[in-house]
Amino acid sequence: MLLTIRSLTKTFPGTRALDAVDFDLAAGEVHALLGENGAGKSTLIKCLTGAYRRDGGTITLDGATIDPQSTVEAQEQGIGTVYQEVNLLPNLTVAQNLMFGREPRRWGLVNSRALRAEARETLRPYGLDIDVDRDLGSYSVAIQQIVAIARAVALSGKVLILDEPTASLDAAEVRMVFDVVRGLRERGLGIVFVSHFLDQVFDLTDRVTVLRNGRKIVTERTAELDRVKLIEHMLGRALEHEVAGQAARTAAARPPLLEFRGFGRRGVVEPFDLTVGQGEVVGLAGLLGSGRTESAEMMFGVRPAQSGEASDAQSRLDLSSPRAAIAEGFGFVPEERKTDGIVAELSIRENIILGLQARRGWARPIPRSEQNRIADDYIKRLDIRTSGREKPIGELSGGNQQKAILARWLAMNPRFLILDEPTRGIDVGAHAEILRLIRELTQAGMSILLVSSEIDELVASADRVIVLRDRRHVAELDGPRVTGAEIMRAIAGGEVAA
Amino acid sequence: MTLLKRIAPQLVALALLVALVTVFYPDFLKIGISGDRLVGPMIDVLKRGAPVALLATGMTLVIATRGIDLSVGTTMAICGAVAASAVAGGWGLGPALLLALAAGALAGLWNGLLVAVVGIQPFVATLILMTMGRGIAQLITEGRILTFTDAGFAFFGSGSLLGLPVPAWLWLACGLGMAALMRRTALGLLVESIGINRRASALAGVNATVLLIAVYVVSGLCAALAGIVVTADIRGADANNAGLWLELDAILAVVIGGNSLLGGRFSIIASLIGALIIQTIDTGILLAGFPSEYNLVIKAVLVLVILVLQSPRIAGEWRLWRDSHRASREAALQRGAAK
C-alpha cells in the first residue's frame, strides 16, 4: 500500500468528526471517498494534508509514518491536493503559477527563460499545448484545473487528492480532466477522488470508501459495487425498512397550478419539465450536489433560469429575481437559515413582517398595531418559543428561527411555497410540527415544493417526488411509487433504475 | 427602545462637555440679542456645526447599510463650485441651487452604482470620487476661488430666520426630516435589514440594490446642502479647502452617535448630537484660549474619552456597579427597618 491510515480520529468540541477511520490507497489506484454532509470527508482530507492536527491514529506513506503539520509539509512528503475552486493565482501566467515558490534563479533573480522551459516540461505529460506566458485566468476552468493538478503532482508526486474537481465543469471538460487523471494512475500515483457525482465515481474509480457520521462504513471495489447498496451506505438506511405513515396520497388528479417547461441553467441544472398541482406537495430528492437546492433557487429567481419558461393557467410568469417571484405568489424558505434567512439583529416581529412590508413598498408602512398582531398571531400559531416578539431573532434556537422564517412567508400567503431543507438542524419536536404544518397548508390549497435530503421526510409528506442525479431530473415518482426503496433506486440510477 | 433612552448617552456627553467648556469660558452659555438675531457661543455652535451635521445625516444611512462614504467632503467642494459658478454666471439663484443638488445626487448615484451594482467595497468605491472630486471642483472653478455677490445665495450661509442662523435651520430641517421619513415610513426598517443581512433581505423581497443606491444618493444630496452652506458663508467656492477632511468628522459624528460601523440599527438624531459634540469641542477649544497647537490633540483626547465612556463594556460595568450599589443600599435600609 502506498498510503495507509489506521484509526484516524479527530474531535471537535461537541462532535467526533472522525471516529477510528481506516483508509488504504494503493499506487496506481483511483479511490473514491464518498459521504453526505458531515460524513467526515473534508476532515479526513484536512488531517491528511496537515490542515488539521489529528487526535489519534497513524498515517503511513511509503512505509514511513508521517505527521504533517502544514499543507507545505504534506506536499514535501508527497501529498498534493487540488480543490474544487482552483486555488491558483489567475492574474499570474501559467508558468508563474506552475513554478510559484520554486522559481529557477540566477544571481538571486528569477530566470524567466528557465522558468518557461521548466513550466513547458511540467505540462508536457498532460498533452496540454498552451501558451505558458498567458495569464492563467484567460483559460477555461478545466485547463486551470489541469494546471493545478500538474502543479500538485510536480510538488508532491506520490498521492494526489482531488476534492470535487469536476463540480464546475461541463461534460466535455470532465472527460478532459479524467483523461489526465487516468494518465497519472498509469504513472503510479495514488489518487483520492472526492465527488458527489456517482456516475463519475463509477466511470473513473477503482475502489470506493463510504464515510457516514465520522465512521468508515465500507470499502469495496467499484466494479463489484451495487448502486443501491452504495446509496444505502451513504444515507444509512436499508431498503427493507419502510416508513410507517406514508402521506395519504390521493389518486385524483389535482388541477394544475404551475407549469415549468424546459426550465434550466447552464452548468447548474439541466432543463426540466415540471407541473405542480393545486395543494400538492412535490418533493425534490437527490444526493448533495445533485441540483436539489439549485433547482429550488432557480424557480425562485435567485439564480434565474436561462432557458425555458414558467406559466400558470393565465399567463407566463416572471421569475427573474426573488422580488419578481414573490410578485407571482412564490415563497422560499432557504436552506442556509443564518446567511439567507434570518436578519439576526432585528426582532422576531420585524423578521416576520419583513417580506410583507417589502411587498407593500416602503411608503406604506404596516401600522405597528398590525405588526404586533401578525407577530403575536404566528408566535402562537407556530408555537415559537420566545420571551416576546421584540427579542432579536438571532437569540432564538434553530427550530424557532425556522418557524419565524416560515411565519414571514405564511404572512404573505403565497400560492407556491418552496421549502429547502426546512427541518435541517432543528430539534425533533419542531421537526414534527413543521411536517404537520405542511399538511395543513396544502389542505388550505397552497402548493409546496419540498427539497429534502431526508427520504423519510419526503415519503411522509410528498404527493410526488422528483429525483435528481448529477444535476438532472432523472425520475418522477407518484402515487404508490413514492417509497423509500423507489427513491433510493432512482437516486442510485444506472441499470437498476426502473 | 424609546428615542430618549437611545440618545441619553449622547445627551449626557454633550451636557458634560458644555459644563467643561463653561469652566474655561464662563460666558459659553450666554445668549444675547443683536438686532433681530440671537448671538452667543451656543448659537455659533449651531451655525458652524451645520456642514458636519448635514453630512452626518446622510452618512448615518450609508453606515447603517454597512457602508461608508469617504467622498462627501469633495462632493461639498464640487457642489459649492457648481452653485457659485452658476450664480456668478447669471443663472439665477433657484437654478443654481437645483444644479448643485443635482450634482450631489449624481455623485451619490455614481457611488451607489459602484457599491450596489458593480460590487466594489464602499471604502474603495467612494475613495475614487474622494480622490477625483477636488480635481473636478478645480476644473469647474478654473483653479481660482470663485467669488460672487448674490445676496440671496449668501443668505444660506450668513442669513438668519426667526433669530436663528439659516444653516442651523437647514441641518435641523434636513436631519429631523430625514429621521421622520425613516421612522414614519418603512425605510428605516428596510435600510437596517439590508445593513444586517443583504442577502436574506433580498430573498425576502427587499429591493436591496435600489435601496443601497438610494442611501448614497441621499448622502450626496446632504453633501450638496453642506457645500451650499459653506460656499454661501464665505461668498466664494474654494475648490481646495471646501469640506476638506469633513468626511472624517462626519463619520466621527455618526460613531459618537452610537451607530455601529458594522451596519444595522441606526439613529440619525444621535448622529446629529454627535455633530454638535464635535462642534462644541472645536468652538470650546477656541474660546477657552488654548494655543492653537493644542487644538487637534485636545479634540482627539475628548473624542476618545467620549467613545470609551459610551462603549458597551463600560456601560456594562456601570450597570453592575449601580445594581450592586442599589442592592447594598436596600440591604442597609432593610437592616435599618428591622431595628
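Chain A is the first sequence line, chain B the second, and so forth, proteins listed ahead of strands; every chain is numbered from 1.
Using a 4.5 Å cut-off between heavy atoms, Glu345(A) contacts chain B through both its backbone and its side chain. Using a 4.5 Å cut-off between heavy atoms, Leu187(B) contacts chain A through both its backbone and its side chain. Heavy atoms closer than 4.5 Å to chain B are found in both the backbone and the side chain of Leu346(A). For Arg265(B), the part lying near chain A is the side chain, with the backbone staying farther off; criterion is any non-hydrogen pair under 4.5 Å. Of the two parts of Ile342(A), only the backbone, made up of N, CA, C and O, holds a non-hydrogen atom closer than 4.5 Å to a non-hydrogen atom of chain B. For Arg408(A), the part lying under 4.5 angstrom from a heavy atom of chain B is the side chain only. Residue Gln371(A) does not touch chain B at all, counting heavy-atom pairs closer than 4.5 Å.
Few gaps surround CD on Glu370(A); more than 12 heavy atoms of other groups in view lie less than 6.0 Å from it. The local environment of CZ in Arg184(B) is sparse, with at most 12 non-hydrogen atoms from other residues, nucleotides or ligands closer than 6.0 Å. Atom CH2 of Trp110(B) sits in a sparse spot, with 12 or fewer heavy atoms from other residues, nucleotides or ligands closer than 6.0 Å.
Note: Glu350(A) leads Arg359(A), Gln357(A), Glu350(A) in heavy-atom pairs under 4.5 Å with chain B. Per-residue counts of heavy-atom pairs under 4.5 Å with chain B were compared for Gly355(A), Pro334(A), Pro365(A); the largest is that of Pro365(A).
Of all non-hydrogen atoms in Gly341(A) and Ala200(B), the two that sit nearest each other are O-CB, 3.5 Å. Annotation for Lys338(A) and Asn197(B): closest pair O-ND2, 3.4 Å, computed over non-hydrogen atoms. Minimum interatomic distance between Ala344(A) and Ile196(B) (heavy atoms only, all atoms of both residues): N-CG2, 3.9 Å. Between Ala358(A) and Ala204(B), the shortest heavy-atom contact is CB-O, 4.1 Å.
Under the side chain to side chain contact (heavy atoms under 4.5 Å, CB included) rule, Arg323(A) has a single partner from Val206(B), Asn207(B), Leu203(B), which is Asn207(B).
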